[in-house]
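FYI, the numbering just counts along the sequence from 1. From a predicted model like this one, the values you see are computed outputs, not experimental measurements. Just follow the structure's listing: the first ligand is 1, and inside any ligand the first atom is 1.
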Amino acid sequence: MPADPVAIARDLISCPSVTPAEGGALAYIEKVLQGAGFNVQRVTFEEAGADPVENLYARIGTAAPHLMLTGHTDVVPPGDEAKWTHPPFASEVADGVLFGRGAVDMKGSIACKIAAALDYLGGNGGKPKGSLSFLITGDEEGIAVNGTVKLLKWAAERGEKFDHAILGEPTNPEKLGDMMKIGRRGSQNGTLVVTGTQGHVAYPELADNPVRHIAALMVAINAEPIDNGTAHFGASNLEFTSIDVGNKTVNLIPAEARARFNIRFNDTRTREELRKLIEARAAKAAAGEVRWHIEWEPSNADVFLTPPGPFVELVSSAIREVTGLTPKLSTTGGTSDARFIKDYCPVIEFGLLSQQMHKIDEHVATDDLVALTAIYRRILERYFAQ
Ligand SMILES: [Zn+2]
């Protein structure tokens, strides 16, 4: 009897694991993987200012190559539960559709990975020809400080070495097989600050209005594209998201103006080079006559790319054989835990459909769960047959 990804997904969705609650989801995975011969460890990480969060690491096999299947069991809150047609943690199936918080993001794809692993092990004498591990966090949807980033470090300190990783975030815009992610853009927040001289609005010659200056600097910063993109990335983009003066008085020229922005950047430049470029544009526009500076926020979201090669092709061909579609190799979207994994091994992302993420009545077609399990199963067969 093949493992049933729909049953596993239902069991997982029934666990109310809204970040940072474990909700029984990791306990369930622990039981299932232990039953299949995995060595399972549960670890809780904590840090001042953040909730302690439980995580799970399970491995079977000792040899190389070592494939990591990874993801998160925490989910975003359901919002107004009265708005759900099927209650968010009831795991109801209606007309071939499974409803519940986490159906696509990402308990569904974790269920498919578990079912594929059980089937693979069942068909191969209970052991992989190499090592297979599950690295599952309960802290992805929150501030993500007590999850994957610490779990990877914890595993590395225990001598765990990974050759490749597959993260199960929802990657397909329309249909299963549309798209896999082979990289992600980096992210950088900043605030442009211009200092002027406060004064009466009727006597501008006695003041220095920072609002005029910040407008000019913003235009100058955005006047030219940052770059034109690369083979695998779109153009980097700087987007101003807020202009803040906080001035409630009509006859006052304020002393300071601030403009917040975010940059999503590709692999044309390093983060440092990017900051220098933006500062050079501001400096040129300021021409030594405007007092300005940029406050850069710390960030752990760096750009990365897993270039097309044998591993990407192995995953892509498994997707093609099951769905008939050749997935687009994409680097679009926000950041994901892949930004941490890339420091340990090449990582790609492939999961379910992305439209339903975080929505009321989040759902997944049970056919997609079956097909995704078949894809993961093929990946395991090929990976360990190399
Ligand atoms: Zn997710």
Side-chain angles (χ1 to χ4, degrees), residues 5 8-9 12-23 25-26 28-29 45 50-51 53-57 68-79 88-89 91 98-114 134-152 165-173 176 178-185 187 264 300-301 304 327 330-342 347-365 368-369 372-373 375-376:
I8 300 171
L12 284 173
I13 290 170
S14 303
C15 303
S17 52
V18 175
T19 332
E22 184 270 335
L26 295 179
Y28 173 83
I29 293 173
F45 296 118
D51 293 304
V53 182
E54 289 195 50
N55 299 271
L56 179 149
Y57 178 66
M68 177 210 300
L69 302 179
T70 178
H72 62 89
T73 48
D74 62 322
V75 294
V76 294
F89 302 106
S91 295
L98 169 59
F99 288 83
R101 177 55 85 223
V104 295
D105 186 16
M106 54 172 284
K107 287 173 169 173
S109 71
I110 289 182
C112 297
K113 285 175 166 165
I114 292 172
F134 279 83
L135 190 136
I136 308 289
T137 181
D139 190 18
E140 199 271 345
E141 301 286 11
I143 53 173
V145 298
N146 285 323
T148 300
V149 65
K150 284 198 176 76
L151 192 54
L152 286 163
I166 300 174
L167 174 60
E169 290 291 352
T171 50
N172 302 281
L176 191 73
D178 274 347
M179 185 180 282
M180 59 191 273
K181 304 249 165 136
I182 59 167
R184 294 272 186 167
R185 293 174 297 177
S187 178
R264 294 297 158 123
N300 54 16
F304 78 92
S330 169
T331 58
T332 57
T335 64
S336 72
D337 272 356
R339 72 186 189 267
F340 306 126
I341 301 163
K342 64 108 169 52
V347 52
I348 64 96
E349 297 175 59
F350 185 71
L352 292 159
L353 270 56
S354 51
Q355 293 151 348
Q356 287 292 319
M357 287 190 285
H358 300 195
K359 290 203 171 150
I360 298 275
D361 273 336
E362 181 176 345
H363 59 266
V364 62
D368 279 357
L369 294 173
L372 182 57
T373 303
I375 291 167
Y376 288 149

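Nearest N/O/S atom of H72 relative to the Zn ion (ligand 1): this is NE2. The Zn ion (ligand 1) lies closest to atom OD1 when only the N/O/S atoms of D105 are considered.
Defined by atom type and a distance below 3.5 Å, a donor-acceptor pair is missing between the side-chain atoms of S336 and K181. T137 and N55 share a donor-acceptor pair across their side chains, judged by distance under 3.5 Å alone.
When atom types are taken as modelled, the side chain of E362 and the backbone of D105 share a donor-acceptor pair closer than 3.5 angstrom.
No side-chain heavy atom of V145 sits under 4.5 Å from any side-chain heavy atom of F45.
Checking E140 against the Zn ion (ligand 1), every N/O/S atom stays at or beyond the 2.8 Å cut-off. Taking backbone and side-chain atoms together, E169 has an N/O/S atom less than 2.8 Å away from the Zn ion (ligand 1).
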